[in-house]
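Numbered from 1 within each chain, the chains take letters A, B, ... in sequence-line order.
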Amino acid sequence: MLDPKLIRNNPDAVKKGLKNRKADASLVDRFLAIDEEWRKLTVEVDELKAKRNKASDQIGVLKKGKKDVGGLMAEMKELSARIKELDEEQKKIEQRLNDISLEMPNLPHHAVPVGVDSRDNLEARAWGEKRNLSFKPKSHDEIGKNLGILDFEQAAKISGSRFVVYRGVGAALERALISFMLDLHTKEHGYTEVMTPVLVNTKSMLGTGQLPKFEEELFKCRDDELYLIPTAEVSVTNLHREEIVKTDLLPIKYCCYSPCFRREAGSYGKDVKGIIRQHQFNKVELVKFAEPDKSYEELEGLTKDAESVLQKLGLPYRVVELCTGDLGFASAKTYDLEVWFPSENQYREISSCSNFESFQARRAGIRFKSGLPAKAEYLHTLNGSGLAVGRCFAAILENYQKEDGSIDIPEVLKKYL
RNA sequence: GGAGGAGUGGCCGAGUGGUUGAUGGCACCUGUCUUGAAAACAGGCAUGCGCGCAAGCGCAUCGGGGGUUCGAAUCCUCCCUCCUCCGCCA
(Lines give C-alpha, C1' and ligand atoms only; values in the text may rest on other atoms or scores of the structure.)
Protein backbone atom coordinates (compact mmCIF):
# COMPACT_ATOMS: atom_id res chain seq x y z
CA MET A 1 0.00 0.00 0.00
CA LEU A 2 1.21 3.46 -0.82
CA ASP A 3 1.13 6.33 1.65
CA PRO A 4 -2.19 8.11 1.02
CA LYS A 5 -0.52 11.40 1.86
CA LEU A 6 2.02 10.78 -0.88
CA ILE A 7 -0.79 10.21 -3.38
CA ARG A 8 -2.55 13.40 -2.25
CA ASN A 9 0.52 15.61 -2.21
CA ASN A 10 2.43 14.14 -5.12
CA PRO A 11 -0.02 12.61 -7.55
CA ASP A 12 2.15 13.23 -10.60
CA ALA A 13 5.15 11.44 -9.15
CA VAL A 14 2.94 8.50 -8.23
CA LYS A 15 1.45 8.37 -11.72
CA LYS A 16 4.89 8.42 -13.26
CA GLY A 17 6.03 5.57 -11.06
CA LEU A 18 2.97 3.52 -11.93
CA LYS A 19 3.42 4.16 -15.64
CA ASN A 20 7.05 3.11 -15.47
CA ARG A 21 5.99 -0.25 -14.18
CA LYS A 22 3.19 -0.55 -16.72
CA ALA A 23 0.48 -0.17 -14.10
CA ASP A 24 -2.77 1.72 -14.54
CA ALA A 25 -1.97 5.33 -13.63
CA SER A 26 -5.65 6.28 -13.66
CA LEU A 27 -5.88 4.57 -10.28
CA VAL A 28 -4.40 7.76 -8.88
CA ASP A 29 -7.18 10.02 -10.10
CA ARG A 30 -9.80 7.55 -9.01
CA PHE A 31 -8.21 7.41 -5.60
CA LEU A 32 -8.09 11.19 -5.30
CA ALA A 33 -11.72 11.62 -6.30
CA ILE A 34 -12.94 9.11 -3.75
CA ASP A 35 -10.56 10.45 -1.15
CA GLU A 36 -11.98 13.92 -1.50
CA GLU A 37 -15.48 12.60 -1.25
CA TRP A 38 -14.48 10.74 1.90
CA ARG A 39 -12.92 13.76 3.55
CA LYS A 40 -15.90 15.95 2.80
CA LEU A 41 -18.25 13.43 4.33
CA THR A 42 -15.94 12.87 7.28
CA VAL A 43 -16.03 16.53 8.19
CA GLU A 44 -19.82 16.51 8.04
CA VAL A 45 -20.24 13.37 10.10
CA ASP A 46 -17.70 14.45 12.70
CA GLU A 47 -19.52 17.72 13.20
CA LEU A 48 -22.84 15.97 13.71
CA LYS A 49 -21.26 13.57 16.17
CA ALA A 50 -19.72 16.43 18.08
CA LYS A 51 -23.16 17.96 18.37
CA ARG A 52 -24.64 14.70 19.59
CA ASN A 53 -21.88 14.09 22.12
CA LYS A 54 -22.40 17.56 23.56
CA ALA A 55 -26.16 17.11 23.79
CA SER A 56 -25.84 13.70 25.42
CA ASP A 57 -23.64 15.12 28.14
CA GLN A 58 -26.16 17.86 28.62
CA ILE A 59 -29.02 15.39 28.92
CA GLY A 60 -27.13 13.59 31.64
CA VAL A 61 -26.68 16.78 33.61
CA LEU A 62 -30.28 17.91 33.12
CA LYS A 63 -31.64 14.54 34.14
CA LYS A 64 -29.71 14.69 37.38
CA GLY A 65 -31.34 18.04 38.00
CA LYS A 66 -34.74 16.45 37.35
CA LYS A 67 -35.31 18.72 34.38
CA ASP A 68 -37.39 17.76 31.38
CA VAL A 69 -35.31 16.49 28.47
CA GLY A 70 -37.99 14.98 26.26
CA GLY A 71 -37.64 17.51 23.47
CA LEU A 72 -33.89 17.34 23.33
CA MET A 73 -33.96 13.56 23.35
CA ALA A 74 -36.40 13.46 20.46
CA GLU A 75 -34.17 15.83 18.54
CA MET A 76 -31.13 13.69 19.21
CA LYS A 77 -32.95 10.58 18.16
CA GLU A 78 -33.42 12.13 14.76
CA LEU A 79 -29.84 13.28 14.64
CA SER A 80 -28.62 9.79 15.49
CA ALA A 81 -30.64 8.32 12.67
CA ARG A 82 -29.05 10.80 10.28
CA ILE A 83 -25.58 9.97 11.61
CA LYS A 84 -26.22 6.30 11.08
CA GLU A 85 -27.10 6.91 7.44
CA LEU A 86 -23.98 8.97 6.87
CA ASP A 87 -21.86 6.43 8.72
CA GLU A 88 -23.00 3.74 6.35
CA GLU A 89 -22.27 5.91 3.36
CA GLN A 90 -18.84 6.70 4.74
CA LYS A 91 -18.11 3.05 5.26
CA LYS A 92 -18.95 2.31 1.65
CA ILE A 93 -16.64 5.05 0.46
CA GLU A 94 -13.92 3.78 2.75
CA GLN A 95 -14.33 0.33 1.26
CA ARG A 96 -13.86 1.69 -2.25
CA LEU A 97 -10.82 3.66 -1.16
CA ASN A 98 -9.37 0.59 0.46
CA ASP A 99 -10.03 -1.55 -2.61
CA ILE A 100 -8.13 0.87 -4.82
CA SER A 101 -5.30 1.17 -2.34
CA LEU A 102 -4.87 -2.60 -2.28
CA GLU A 103 -4.88 -2.77 -6.08
CA MET A 104 -2.11 -0.22 -6.45
CA PRO A 105 1.36 -1.70 -6.87
CA ASN A 106 4.45 -0.32 -5.20
CA LEU A 107 6.45 2.46 -6.83
CA PRO A 108 9.85 1.58 -8.25
CA HIS A 109 12.87 3.00 -6.46
CA HIS A 110 14.10 6.04 -8.39
CA ALA A 111 17.38 4.36 -9.34
CA VAL A 112 15.73 1.31 -10.91
CA PRO A 113 16.33 1.30 -14.68
CA VAL A 114 13.20 2.22 -16.60
CA GLY A 115 12.20 -0.51 -19.01
CA VAL A 116 9.37 -2.51 -20.49
CA ASP A 117 10.15 -6.17 -19.87
CA SER A 118 12.92 -8.62 -19.01
CA ARG A 119 14.91 -7.59 -22.08
CA ASP A 120 15.56 -4.26 -20.40
CA ASN A 121 16.98 -5.81 -17.24
CA LEU A 122 20.62 -5.09 -16.46
CA GLU A 123 23.24 -7.69 -15.71
CA ALA A 124 24.92 -6.46 -12.55
CA ARG A 125 27.60 -9.15 -12.35
CA ALA A 126 28.35 -12.74 -13.23
CA TRP A 127 30.19 -15.39 -11.25
CA GLY A 128 31.76 -18.78 -11.94
CA GLU A 129 33.14 -20.71 -14.86
CA LYS A 130 30.75 -22.56 -17.08
CA ARG A 131 32.10 -26.09 -17.35
CA ASN A 132 33.40 -27.19 -20.71
CA LEU A 133 31.61 -30.44 -21.34
CA SER A 134 33.07 -32.72 -23.97
CA PHE A 135 29.65 -34.20 -24.69
CA LYS A 136 26.14 -32.92 -25.31
CA PRO A 137 24.70 -32.02 -21.91
CA LYS A 138 21.49 -33.76 -20.92
CA SER A 139 18.57 -31.97 -19.31
CA HIS A 140 18.11 -32.40 -15.56
CA ASP A 141 14.86 -34.32 -15.94
CA GLU A 142 16.52 -36.80 -18.27
CA ILE A 143 19.43 -37.25 -15.89
CA GLY A 144 17.07 -37.59 -12.96
CA LYS A 145 14.91 -40.17 -14.69
CA ASN A 146 17.94 -42.16 -15.83
CA LEU A 147 19.35 -42.23 -12.31
CA GLY A 148 15.98 -43.23 -10.90
CA ILE A 149 15.91 -40.28 -8.52
CA LEU A 150 13.08 -38.32 -10.14
CA ASP A 151 9.74 -39.90 -11.04
CA PHE A 152 7.20 -37.83 -12.92
CA GLU A 153 4.79 -40.64 -13.80
CA GLN A 154 4.14 -41.63 -10.23
CA ALA A 155 3.73 -37.98 -9.27
CA ALA A 156 1.22 -37.50 -12.07
CA LYS A 157 -0.68 -40.53 -10.83
CA ILE A 158 -0.95 -39.44 -7.21
CA SER A 159 -1.34 -35.70 -7.86
CA GLY A 160 -1.20 -34.55 -11.47
CA SER A 161 1.08 -32.66 -13.79
CA ARG A 162 3.75 -30.33 -12.40
CA PHE A 163 4.49 -32.58 -9.47
CA VAL A 164 7.49 -34.81 -8.88
CA VAL A 165 8.52 -37.68 -6.65
CA TYR A 166 12.09 -37.63 -5.41
CA ARG A 167 13.43 -41.13 -4.79
CA GLY A 168 16.38 -42.53 -2.90
CA VAL A 169 19.47 -40.37 -3.33
CA GLY A 170 17.24 -37.79 -5.03
CA ALA A 171 15.16 -37.32 -1.90
CA ALA A 172 18.32 -37.24 0.17
CA LEU A 173 19.91 -34.65 -2.09
CA GLU A 174 16.88 -32.38 -1.85
CA ARG A 175 17.00 -32.72 1.93
CA ALA A 176 20.75 -32.13 1.96
CA LEU A 177 20.33 -28.90 0.03
CA ILE A 178 17.76 -27.63 2.51
CA SER A 179 19.99 -28.43 5.47
CA PHE A 180 23.04 -26.93 3.79
CA MET A 181 21.25 -23.67 3.03
CA LEU A 182 19.75 -23.32 6.49
CA ASP A 183 23.07 -24.03 8.17
CA LEU A 184 24.84 -21.51 5.98
CA HIS A 185 22.36 -18.73 6.66
CA THR A 186 22.01 -19.36 10.38
CA LYS A 187 25.65 -20.05 11.20
CA GLU A 188 27.45 -17.73 8.81
CA HIS A 189 24.97 -15.01 7.88
CA GLY A 190 23.24 -14.43 11.20
CA TYR A 191 19.67 -15.39 10.29
CA THR A 192 17.29 -16.91 12.82
CA GLU A 193 15.64 -20.05 11.56
CA VAL A 194 11.88 -20.26 11.79
CA MET A 195 9.46 -22.91 10.63
CA THR A 196 6.02 -21.48 10.03
CA PRO A 197 2.57 -22.67 8.95
CA VAL A 198 2.14 -23.20 5.23
CA LEU A 199 -1.58 -22.55 5.50
CA VAL A 200 -2.33 -18.92 6.19
CA ASN A 201 -5.39 -16.69 6.46
CA THR A 202 -6.63 -13.94 4.19
CA LYS A 203 -5.12 -11.14 6.24
CA SER A 204 -1.65 -12.59 5.81
CA MET A 205 -2.11 -12.84 2.05
CA LEU A 206 -3.29 -9.23 1.96
CA GLY A 207 -0.36 -8.17 4.11
CA THR A 208 2.33 -9.26 1.70
CA GLY A 209 0.34 -8.43 -1.44
CA GLN A 210 -0.70 -11.82 -2.86
CA LEU A 211 -4.30 -10.76 -2.33
CA PRO A 212 -6.55 -9.32 -3.57
CA LYS A 213 -4.96 -9.23 -7.04
CA PHE A 214 -3.45 -12.67 -7.45
CA GLU A 215 -6.00 -15.03 -6.03
CA GLU A 216 -5.93 -17.22 -9.16
CA GLU A 217 -2.29 -18.03 -8.37
CA LEU A 218 -3.16 -19.51 -4.99
CA PHE A 219 -4.43 -22.84 -3.76
CA LYS A 220 -7.32 -22.24 -1.42
CA CYS A 221 -8.99 -24.57 1.05
CA ARG A 222 -12.60 -25.27 0.23
CA ASP A 223 -14.06 -25.33 3.73
CA ASP A 224 -11.76 -22.93 5.53
CA GLU A 225 -10.57 -19.40 4.95
CA LEU A 226 -7.02 -20.66 4.45
CA TYR A 227 -4.55 -20.57 1.59
CA LEU A 228 -1.41 -22.56 0.87
CA ILE A 229 1.55 -20.20 0.82
CA PRO A 230 3.22 -19.57 -2.56
CA THR A 231 6.37 -18.60 -0.63
CA ALA A 232 7.44 -18.48 3.02
CA GLU A 233 7.67 -14.71 2.54
CA VAL A 234 3.98 -14.67 3.41
CA SER A 235 4.07 -16.46 6.73
CA VAL A 236 7.41 -15.05 7.84
CA THR A 237 6.70 -11.40 6.99
CA ASN A 238 3.32 -11.67 8.70
CA LEU A 239 5.02 -12.91 11.87
CA HIS A 240 5.18 -9.26 12.89
CA ARG A 241 1.87 -8.11 11.45
CA GLU A 242 0.13 -5.50 13.64
CA GLU A 243 3.22 -5.12 15.77
CA ILE A 244 5.54 -2.36 16.81
CA VAL A 245 8.87 -4.15 16.86
CA LYS A 246 11.63 -3.10 19.21
CA THR A 247 13.99 -0.82 17.32
CA ASP A 248 17.13 -2.30 18.87
CA LEU A 249 16.20 -5.68 17.36
CA LEU A 250 16.47 -4.29 13.82
CA PRO A 251 17.45 -5.54 11.41
CA ILE A 252 15.55 -8.75 12.10
CA LYS A 253 16.76 -11.56 9.84
CA TYR A 254 14.86 -14.80 9.39
CA CYS A 255 15.45 -17.80 7.24
CA CYS A 256 12.74 -20.36 6.72
CA TYR A 257 12.47 -23.60 4.86
CA SER A 258 9.01 -24.29 3.48
CA PRO A 259 7.27 -26.04 0.67
CA CYS A 260 5.64 -23.52 -1.69
CA PHE A 261 2.44 -23.96 -3.64
CA ARG A 262 1.53 -22.19 -6.86
CA ARG A 263 -1.29 -22.83 -9.25
CA GLU A 264 0.74 -21.58 -12.21
CA ALA A 265 -2.47 -20.49 -13.87
CA GLY A 266 -1.74 -19.16 -17.31
CA SER A 267 1.64 -20.84 -17.63
CA TYR A 268 0.34 -23.79 -19.63
CA GLY A 269 2.92 -25.07 -22.00
CA LYS A 270 5.72 -23.26 -20.20
CA ASP A 271 8.49 -25.38 -18.68
CA VAL A 272 6.32 -28.46 -18.80
CA LYS A 273 9.33 -30.74 -18.57
CA GLY A 274 11.38 -31.24 -15.45
CA ILE A 275 11.14 -29.66 -12.05
CA ILE A 276 11.64 -26.03 -12.99
CA ARG A 277 8.00 -25.08 -12.68
CA GLN A 278 6.04 -27.16 -10.17
CA HIS A 279 2.82 -26.71 -8.25
CA GLN A 280 4.75 -27.66 -5.14
CA PHE A 281 8.42 -26.98 -4.55
CA ASN A 282 10.82 -26.43 -1.69
CA LYS A 283 12.44 -23.15 -0.91
CA VAL A 284 14.62 -21.62 1.77
CA GLU A 285 13.52 -18.04 2.15
CA LEU A 286 15.36 -15.08 3.63
CA VAL A 287 13.28 -12.29 5.17
CA LYS A 288 14.47 -9.05 6.71
CA PHE A 289 12.83 -6.24 8.67
CA ALA A 290 14.94 -3.10 8.47
CA GLU A 291 14.98 0.58 9.33
CA PRO A 292 14.07 2.62 6.24
CA ASP A 293 17.43 4.36 5.89
CA LYS A 294 19.28 1.05 5.97
CA SER A 295 17.06 -1.11 3.78
CA TYR A 296 19.01 -0.74 0.56
CA GLU A 297 22.21 -1.66 2.31
CA GLU A 298 20.33 -4.68 3.64
CA LEU A 299 19.15 -5.59 0.14
CA GLU A 300 22.76 -5.77 -1.04
CA GLY A 301 23.61 -8.00 1.92
CA LEU A 302 20.60 -10.21 1.37
CA THR A 303 21.52 -10.69 -2.28
CA LYS A 304 25.10 -11.56 -1.35
CA ASP A 305 23.81 -14.10 1.18
CA ALA A 306 21.76 -15.79 -1.51
CA GLU A 307 24.68 -15.64 -3.94
CA SER A 308 26.97 -17.35 -1.50
CA VAL A 309 24.82 -20.48 -1.71
CA LEU A 310 25.55 -20.71 -5.42
CA GLN A 311 29.21 -19.92 -4.90
CA LYS A 312 29.66 -22.66 -2.32
CA LEU A 313 27.85 -25.08 -4.60
CA GLY A 314 30.11 -24.03 -7.47
CA LEU A 315 27.22 -23.12 -9.77
CA PRO A 316 27.81 -20.36 -12.34
CA TYR A 317 25.29 -17.57 -12.10
CA ARG A 318 24.64 -13.95 -12.84
CA VAL A 319 22.88 -11.18 -10.95
CA VAL A 320 20.27 -9.24 -12.85
CA GLU A 321 18.78 -5.94 -11.79
CA LEU A 322 15.13 -5.90 -12.84
CA CYS A 323 13.87 -2.91 -14.80
CA THR A 324 10.70 -1.07 -13.74
CA GLY A 325 8.52 -3.06 -16.16
CA ASP A 326 9.64 -6.43 -14.82
CA LEU A 327 9.24 -5.61 -11.13
CA GLY A 328 6.87 -7.66 -8.98
CA PHE A 329 3.70 -6.07 -7.62
CA ALA A 330 5.03 -5.26 -4.15
CA SER A 331 8.67 -4.59 -4.94
CA ALA A 332 10.53 -1.29 -5.19
CA LYS A 333 13.74 -2.90 -6.34
CA THR A 334 14.66 -6.47 -7.20
CA TYR A 335 17.78 -8.45 -8.04
CA ASP A 336 17.23 -11.81 -9.68
CA LEU A 337 19.86 -14.52 -9.36
CA GLU A 338 20.05 -16.68 -12.45
CA VAL A 339 21.90 -19.98 -12.52
CA TRP A 340 23.46 -21.57 -15.57
CA PHE A 341 21.65 -24.48 -17.25
CA PRO A 342 24.00 -26.18 -19.74
CA SER A 343 21.29 -28.19 -21.52
CA GLU A 344 19.41 -25.02 -22.33
CA ASN A 345 22.52 -22.94 -22.82
CA GLN A 346 20.99 -20.19 -20.75
CA TYR A 347 20.63 -18.68 -17.30
CA ARG A 348 17.40 -19.27 -15.37
CA GLU A 349 16.00 -17.58 -12.30
CA ILE A 350 16.79 -19.30 -9.02
CA SER A 351 16.32 -16.43 -6.60
CA SER A 352 14.61 -13.08 -6.45
CA CYS A 353 15.76 -10.57 -3.84
CA SER A 354 13.57 -7.54 -3.23
CA ASN A 355 13.18 -4.48 -1.11
CA PHE A 356 9.50 -3.74 -0.58
CA GLU A 357 10.24 -0.59 1.38
CA SER A 358 7.14 0.25 3.44
CA PHE A 359 4.67 -1.26 0.95
CA GLN A 360 4.08 -4.51 2.81
CA ALA A 361 4.66 -2.93 6.22
CA ARG A 362 1.83 -0.50 5.58
CA ARG A 363 -0.52 -3.27 4.48
CA ALA A 364 0.44 -5.47 7.38
CA GLY A 365 0.85 -2.74 10.01
CA ILE A 366 4.46 -3.46 10.90
CA ARG A 367 6.10 -0.55 12.63
CA PHE A 368 9.01 0.45 14.83
CA LYS A 369 9.65 3.46 17.03
CA SER A 370 11.99 6.11 15.75
CA GLY A 371 13.02 9.67 16.47
CA LEU A 372 12.68 11.81 19.57
CA PRO A 373 10.08 11.82 20.86
CA ALA A 374 9.70 8.25 19.61
CA LYS A 375 6.96 7.84 17.04
CA ALA A 376 5.77 4.60 15.48
CA GLU A 377 6.76 4.46 11.84
CA TYR A 378 6.47 1.80 9.15
CA LEU A 379 9.66 -0.19 8.71
CA HIS A 380 10.94 -1.75 5.51
CA THR A 381 10.58 -5.42 4.60
CA LEU A 382 12.83 -7.40 2.29
CA ASN A 383 13.06 -10.94 1.17
CA GLY A 384 14.77 -13.26 -1.23
CA SER A 385 15.06 -16.91 -2.02
CA GLY A 386 18.12 -18.42 -0.55
CA LEU A 387 17.47 -20.50 -2.68
CA ALA A 388 14.75 -22.28 -4.60
CA VAL A 389 15.72 -25.83 -3.74
CA GLY A 390 14.20 -27.68 -6.69
CA ARG A 391 15.85 -25.44 -9.25
CA CYS A 392 19.08 -25.77 -7.35
CA PHE A 393 18.72 -29.56 -7.50
CA ALA A 394 18.17 -29.33 -11.25
CA ALA A 395 21.17 -27.01 -11.71
CA ILE A 396 23.42 -29.43 -9.83
CA LEU A 397 22.30 -32.33 -11.99
CA GLU A 398 23.03 -30.39 -15.14
CA ASN A 399 26.24 -28.66 -14.15
CA TYR A 400 27.79 -31.67 -12.42
CA GLN A 401 26.81 -34.31 -14.97
CA LYS A 402 29.35 -36.69 -16.43
CA GLU A 403 29.36 -38.43 -19.77
CA ASP A 404 28.35 -41.77 -18.26
CA GLY A 405 25.14 -40.21 -16.91
CA SER A 406 26.27 -40.04 -13.31
CA ILE A 407 26.80 -36.81 -11.43
CA ASP A 408 29.36 -35.43 -9.02
CA ILE A 409 28.21 -34.08 -5.70
CA PRO A 410 29.41 -30.58 -4.75
CA GLU A 411 31.97 -30.79 -1.95
CA VAL A 412 29.90 -28.81 0.58
CA LEU A 413 26.97 -31.22 0.31
CA LYS A 414 28.95 -34.36 1.03
CA LYS A 415 28.65 -34.14 4.77
CA TYR A 416 24.87 -33.96 4.40
CA LEU A 417 24.59 -37.12 2.30
C1' G B 1 -16.72 -31.67 18.42
C1' G B 2 -19.14 -30.76 23.76
C1' A B 3 -19.14 -27.81 28.62
C1' G B 4 -17.28 -23.66 31.30
C1' G B 5 -14.07 -19.08 31.98
C1' A B 6 -11.48 -14.85 30.06
C1' G B 7 -9.95 -10.79 26.48
C1' U B 8 -9.29 -2.94 29.08
C1' G B 9 -3.46 1.70 27.37
C1' G B 10 4.09 -0.81 26.80
C1' C B 11 2.90 -4.31 31.12
C1' C B 12 -0.20 -5.40 35.61
C1' G B 13 -4.99 -4.16 37.00
C1' A B 14 -9.84 -1.11 38.48
C1' G B 15 -14.19 0.00 36.27
C1' U B 16 -21.71 -2.93 34.88
C1' G B 17 -25.42 3.08 31.22
C1' G B 18 -23.88 9.85 31.79
C1' U B 19 -17.64 15.25 31.94
C1' U B 20 -14.21 7.68 31.88
C1' G B 21 -9.80 8.14 26.71
C1' A B 22 -10.67 5.47 30.82
C1' U B 23 -8.80 5.23 38.88
C1' G B 24 -4.33 2.95 40.63
C1' G B 25 0.50 0.49 40.22
C1' C B 26 4.91 -0.76 37.28
C1' A B 27 7.87 0.90 33.33
C1' C B 28 9.34 5.38 30.82
C1' C B 29 10.50 10.96 30.35
C1' U B 30 11.38 15.88 32.83
C1' G B 31 12.41 18.73 37.19
C1' U B 32 13.88 19.33 42.64
C1' C B 33 17.41 17.24 46.02
C1' U B 34 22.71 14.94 45.33
C1' U B 35 29.78 15.37 43.77
C1' G B 36 27.17 11.45 40.79
C1' A B 37 23.60 7.67 41.21
C1' A B 38 19.73 5.51 44.05
C1' A B 39 15.69 6.83 47.11
C1' A B 40 12.06 10.55 47.99
C1' C B 41 9.02 14.44 46.12
C1' A B 42 6.58 17.28 41.93
C1' G B 43 5.07 17.09 36.95
C1' G B 44 4.48 14.54 32.24
C1' C B 45 3.35 10.13 29.45
C1' A B 46 -2.07 6.05 24.23
C1' U B 47 -3.04 5.65 19.07
C1' G B 48 -5.31 6.64 14.37
C1' C B 49 -7.88 10.09 11.34
C1' G B 50 -9.92 14.84 9.76
C1' C B 51 -9.99 20.34 9.80
C1' G B 52 -6.40 24.43 10.49
C1' C B 53 -0.51 28.48 8.29
C1' A B 54 -0.39 27.67 13.41
C1' A B 55 -2.02 27.63 18.36
C1' G B 56 -5.52 24.33 18.52
C1' C B 57 -10.29 21.99 17.66
C1' G B 58 -13.13 17.72 16.47
C1' C B 59 -14.09 12.42 15.58
C1' A B 60 -12.95 7.35 16.46
C1' U B 61 -10.70 3.47 19.40
C1' C B 62 -11.60 -0.82 26.12
C1' G B 63 -10.48 -8.49 21.04
C1' G B 64 -13.68 -7.74 16.03
C1' G B 65 -18.64 -6.91 13.62
C1' G B 66 -23.80 -5.79 14.34
C1' G B 67 -27.76 -4.07 17.70
C1' U B 68 -30.48 -1.41 21.98
C1' U B 69 -30.22 3.84 23.85
C1' C B 70 -30.37 10.89 23.65
C1' G B 71 -25.78 8.50 25.45
C1' A B 72 -22.20 1.95 25.70
C1' A B 73 -15.74 -0.28 28.22
C1' U B 74 -20.44 -1.19 30.84
C1' C B 75 -26.74 -4.16 28.18
C1' C B 76 -28.05 -7.76 23.80
C1' U B 77 -26.15 -10.66 19.58
C1' C B 78 -22.76 -13.02 16.20
C1' C B 79 -17.57 -13.94 15.32
C1' C B 80 -12.26 -14.42 16.70
C1' U B 81 -8.36 -15.63 20.15
C1' C B 82 -6.61 -17.64 24.77
C1' C B 83 -7.30 -20.79 29.30
C1' U B 84 -9.69 -25.21 32.00
C1' C B 85 -12.35 -29.91 31.64
C1' C B 86 -14.39 -33.95 28.39
C1' G B 87 -14.15 -36.50 23.58
C1' C B 88 -11.04 -37.61 19.30
C1' C B 89 -6.11 -37.77 17.52
C1' A B 90 -0.18 -37.42 14.78
State which of B:G50, B:U47, B:G67 makes the closest approach to the side chain of A:Arg367.
B:U47
Is the closest basic N to carboxylate O distance between A:Lys91 and A:Glu94 below 4.0 Å?
no
Please report the interatomic distance NZ(A:Lys92) to CG(A:Leu41), rounded to the nearest 0.5 Å.
11.5 Å
Listed by chain and number, what are the ring pair (Phe, Tyr, Trp, His ring centres under 6.0 Å) partners of A:His279, not counting sequence neighbours?
A:Phe163, A:Phe219
Can you check whether A:Ser80 has a side-chain N or O nearer than 4.0 Å to OP1 or OP2 of B:G71?
yes
Where does RNA chain B pair, written as one dot-bracket string 5' to 3', with Watson-Crick or G-U pairs under 3.5 Å, ( ) inside the strand, [ ] for crossing pairs and | for another strand?
((((((((.[[[..)..(.....]]].(((((.......))))).((((((....)))))).[[[[[..)....]]]]])))))))....
How many Å lie between NZ on A:Lys84 and P on B:A72, as a whole number?
13 Å
Touch check for A:Arg362, heavy atoms < 4.0 angstrom, all strands: base, sugar-phosphate only, or nothing?
nothing
A:Glu291 with A:Lys294: basic N within carboxylate O range, under 4.0 Å:
yes
The complete set of ring-ring contact (aromatic ring centres under 6.0 Å, His included) pairs with one or both residues in residues 1-49 of chain A, sequence neighbours excluded, reads none
Between A:Lys253 (side chain) and A:His185 (backbone), is there a donor-acceptor pair under 3.5 Å?
no
Near-strand residues of residues 44-58 of chain A, defined as heavy-atom separation under 4.0 angstrom from RNA chain B
A:Asp46, A:Lys49, A:Ala50, A:Arg52, A:Asn53, A:Ser56
Side-chain N,O (A:Lys40) to OP1/OP2 (B:C51) below 4.0 Å:
no
Give me the residues of residues 71-78 of chain A where at least one heavy atom lies under 4.0 Å from an atom of RNA chain B, by number, or none.
A:Met73, A:Met76, A:Lys77
Would you measure the distance from the C1' atom in B:G21 across to the matching atom in B:C59 and give it in whole Å?
13 Å
Using a 4.0 Å heavy-atom cut-off, does A:Lys91 contact any base of the nucleic acid, only the sugar-phosphate backbone, or nothing at all?
sugar-phosphate
Determine whether the side chains of A:Gln360 and A:Thr381 contain a donor N or O and an acceptor N or O closer than 3.5 Å.
yes
Expected list for residues 11-18 of chain A: side-chain donor-acceptor pairs under 3.5 angstrom, two or more places apart:
from, atom 1, to, atom 2, distance (Å)
A:Lys15, NZ, A:Asp29, OD1, 3.1
A:Lys15, NZ, A:Asp29, OD2, 3.2

